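These notes concern the structure reproduced below.
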Amino acid sequence: MGSIDPSIRVTYPPRTKKGSQGGLINKTHSRAFSQRITVHNTKSVVVPKLQVVDRIPTSSDSQITVKLLKPNLDIPSGTVKNADAPRAKVSPGIVAEWYAGHDPSPDEFNFLGKDGKIAWMCTLPAQGKVDLSLSWEVNSPAACDVEGL
């Protein structure tokens, strides 16, 4: 990981959560979460290649699914090379991708998205800020108690 620059400030306003239950026969519980991330550059120069890494929850239980809604990235299937890794243009100067770590081996690209880590690459204007959005949905049987969200 790169060093943390004290002149770059990252704030996380409270995340939002919406829930619903559905299904007449198979009762399900769906919860949607949204998190805004604000990155502020207090420097008087542009930061051209800032990487911001965050994550969504993951589940090892097949009854509980977590789906990334925003940014719009699919989890790749099959063998992936760095050049083929999914990316999403979020806005001018901001691209999101599944985080593979620094100097990943070719094998690490085959696990993209499985750990829920997302990286935004952005250009941060002098004395400026950018807002990043992260949204995900958690679906589970209504009888299943999901904790830690």
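Not measured: the values here are computed from a predicted model.
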Taking all atoms of both residues into account, what is the closest heavy-atom pair of [X] and [Y], and its distance?
X     : Y      : value
Asn72 : Ala88  : O-CB, 3.7 Å
Lys43 : Ser7   : CE-OG, 2.8 Å
Pro57 : Val66  : O-CG1, 3.2 Å
Pro71 : Ala96  : CG-CB, 3.5 Å
Tyr99 : Ala119 : CD1-CB, 3.8 Å

With side chains defined as the heavy atoms from C-beta onward, is the minimum distance between [X] and [Y] less than 4.5 Å?
X      : Y      : result
Lys18  : Ser34  : no
Pro13  : Ile37  : no
Leu68  : Leu134 : yes
Asn139 : Thr28  : no
Phe33  : Thr16  : no
Tyr12  : Asp54  : yes
Val90  : Leu132 : no
Val39  : Cys122 : no

Assigning hydrophobic clusters by single linkage (Ile, Leu, Val, Met, Phe, Trp, Tyr; side-chain heavy-atom cutoff under 4.5 Å), is [X] placed with [Y]?
X      : Y      : result
Val95  : Val47  : no
Leu124 : Val45  : no
Val10  : Ile118 : yes
Ile8   : Trp120 : yes

Side-chain donor or acceptor of Gln127 paired with backbone N/O of Thr42 under 3.5 Å: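 Answer holds: yes.
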Donor-acceptor under 3.5 Å (Asn41 side chain, Pro125 main chain):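 At least one qualifying donor-acceptor pair exists.
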Derivation and outcome, salt bridge (Lys or Arg N to Asp or Glu O under 4.0 Å), residues Glu97 and Arg87: CA-CA 5 Å; Glu97 61 189 9; Arg87 290 178 176 82; 2.9 Å; yes
Qualifying residues under salt bridge (Lys or Arg N to Asp or Glu O under 4.0 Å), relative to Arg55, sequence neighbours excluded: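 With sequence neighbours excluded, Arg55 shows a salt bridge (Lys or Arg N to Asp or Glu O under 4.0 Å) to no residue whatsoever.
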Donor-acceptor side-chain pairing of Asp61 and Ser59 below 3.5 angstrom: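 No, because no side-chain N or O of Asp61 sits under 3.5 Å from a partner of the opposite role on Ser59.
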Ile56 CD1 to Glu137 CD distance, which is reported to the nearest 0.5 Å: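 Result: 11.0 Å between the selected atoms.
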Where at least one partner belongs to residues 32-41, residue pairs that pass salt bridge (charged side-chain N to carboxylate O under 4.0 Å, His left out), sequence neighbours excluded: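 Residue pairs passing salt bridge (charged side-chain N to carboxylate O under 4.0 Å, His left out), neighbours aside: Arg36-Asp131.
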